[in-house]
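Structure first, then comments.
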Amino acid sequence: MGGLIAQIIMKYSKLADVYEKLEFTSSKLEKTDIISEFLKETPEDILKIVSMLLTGQVFPEWAELELGVGPSLLYDTISFVTGVKPAEIKNLLAKEGDIGNVTEKILKKKVQHILFKKELTVEQVYTSFERIARAYGSGSQNKKVKYLAELLSNASPKEAKYIVRIVLGELRIGVAEGLVRNAIAKAFNIEVNLVERAFMLANHIGIVAKAAKNGKDALEKIRIKVFIPIRPMLAQIAPDIQHVLKELGEAAMEIKYDGARVQIHKKGDEIKIYSRRLENVTEALPDIVKMAREAIKADEVIIDGETVAIDTATGKPRAFQEILKRFRRKHNIAGMLEKIPFETYIFDVMFVNGKETIDMNFRERRQVIEEVIKPVKGKFGTAEQIITSDFDEAEKFYHHALNKGHEGIMIKNLKAPYIPGARVGYMYKIKPTMETLDLVVIGATWGTGKRSGWLGSYFLGVRDEITGEFLPVGRVATGLSEEQLKELTSSLKPLIEYEEGQKVTLKPMLVVEVAYQEIQRSPNYKSGYALRFPRVVRIRDDKSSREADTKDRLISLYNLQATSEKKKLDL
DNA sequence: TGTGTCTGCCCC
DNA sequence: ATTCTGC
DNA sequence: GCAGAATGGGCAGACACA
């Protein structure tokens, strides 16, 4: 036994070297090779941890543990260790674009007066993360800073770089679950599909890696179990109905509810509910638990659905914000339950009475759902569905969904199994095309990672005709190609009025056309409104800020949203 | 005790 | 969530 | 087409601090 102990120790510097190699390798196949070789030589005892750390994760999704360290506490920690003030760290970050690189640089400059640093092992780093996560209650932030500071003090600049990135969940080495999954398959000579399936069910890449090392049989032992959440199936965005129907032929169409995903597990009287990211949200949703108990007519099931807040007076779905008020609530749950009642619609099933149903095709699964669920009207039921290959019928259903105030429709391949993630040919979502506003860029923040050196996010303003001011309506950061980012940065640089950390204030001159799904009331922006899912569709070089959209127009568009929904109701 | 800030593989 | 990019 | 990365609004909870 004694001899083995020496073997299972892996220095963290070894992992850091691998991180570095991966960061500077662009080929995915090469990355997979590197990871695969590394996994092969990783002792079984730490294979779990190492596989997780390779994806940049510390804890699995379903674990209750969270680090509870974000940028602010991290900068305090780096400051504590290096003596560089947080404000200066932010300035360096604005220039450098990566907190890991900033930390590495600062530490390299620092005189190494600790001569006898401990050499960190992978396990020590992981144990430190656990300690940080476990600190809670009064004084816990100080503790977290202390533990992390200890860790960083014992780390080389390179090691610190990756520790710091992991803390913020920004490993940025071009490796995540997908490549590690492929590497596991390669390392232990198992088909990727099998590894993927196991991962979908275990939700822990480390557990999968360990099982794979023990062979195909061990992997196949990972099965669906009630109260162990499964990675949900996701949809792709489709350009239009026609496109999807042409590909799928006959397909199922369902209403796309603007709510939150719920995965409901039941065994006997016990029910648990998991969110899309597999968080246990049972406590916040006692009404769903109650309804599920009433509506589910099988002893043991795992089902997938969407819960949505419906205005009982009008029968219309309420703003998504209302759902957020309840979804992860811990206090006054009962009080909010009456104010914001939920309706839940089930659209898939993964497990019934000891049997996996994920390999059945969707048509068969829908049948199972209908057998298992006896709807409780207006509370708990199956997603409204039609099956058709006819475009007009599909179109009619789409408008039916919109008229009821929903987001759009889902179109599903009747032959597809239940598989995690979003893939072509399985499940599509269709939403109306967005409206746009011409807004003025009034500020920006310096980008990070692949946006280092460019302005990466842009504050938007609407024109106030009376005062001539530009009132903030939020920010936008997507829809821009790298070329456009470069272009925007160079045209905005001369307009910079002042900078602080990553934030930049700009003379309001440049106009940008921004698409969005919805205008929301906002407590966070001075205009009182914000855009949901904003993205740039065009840089309006042809427009001056005086020609930008006004606050009045914004408000009338917002009101139109509400009235058009009301109109739809009247139909 | 009230308020402000930070955090979340959060929800979308 | 949306979008872009390299493989 | 997949996988990864860089970003959006907004909510409650948790903690710090006055």
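Protein chains get the first letters and strands the later ones, always in sequence-line order, with residue 1 at the start of each.
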Select base, sugar-phosphate, or nothing to describe what [X] touches, counting heavy atoms under 4.0 Å on all strands.
X: A:Lys325; answer: sugar-phosphate
X: A:Gly56; answer: nothing
X: A:Ser138; answer: sugar-phosphate
X: A:Glu170; answer: nothing
X: A:Lys450; answer: base
X: A:Glu61; answer: base
X: A:Arg165; answer: nothing
X: A:Ile323; answer: nothing
X: A:Gln520; answer: sugar-phosphate

Residue-level proximity of residues 423-432 of chain A to DNA chain D when a heavy atom falls under 4.0 Å: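 Residues of residues 423-432 of chain A under 4.0 Å from DNA chain D: A:Arg423, A:Val424.
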Distance-only donor-acceptor test (3.5 Å): side chain A:Thr478, base C:dT2: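 Looking at the base of C:dT2, it does pair with a donor or acceptor on the side chain of A:Thr478 (distance under 3.5 Å).
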Pairing of A:Arg553 and A:Asp438 as salt bridge, 4.0 angstrom limit: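 A salt bridge is absent here (no side-chain N lies under 4.0 Å from a carboxylate O).
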Expected output: side-chain A:Ser527 to main-chain A:Pro472 donor-acceptor under 3.5 Å: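 Flag set: sc A:Ser527 to bb A:Pro472 pair under 3.5 Å.
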Between D:dT7 (C1') and A:Trp454 (CH2): distance, integer Å: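 Between C1' of D:dT7 and CH2 of A:Trp454: 14 Å.
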State which of [options] makes the closest approach to the side chain of [X].
X: A:Glu279; options: C:dC7, D:dG4, B:dC11; answer: B:dC11
X: A:Pro534; options: B:dT7, D:dC11, D:dG8; answer: D:dG8
X: A:Arg261; options: D:dA3, D:dA5, B:dC12; answer: B:dC12

Pair pattern of DNA chain D in dot-bracket, where unpaired bases get dots and | marks partners in another strand, Watson-Crick or G-U under 3.5 angstrom: ||||||||||||||||||
OP1 or OP2 of B:dC11 under 4.0 Å from side-chain N/O of A:Arg328: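 It does not, given that no N or O in the side chain of A:Arg328 lies less than 4.0 Å from OP1 or OP2 of B:dC11.
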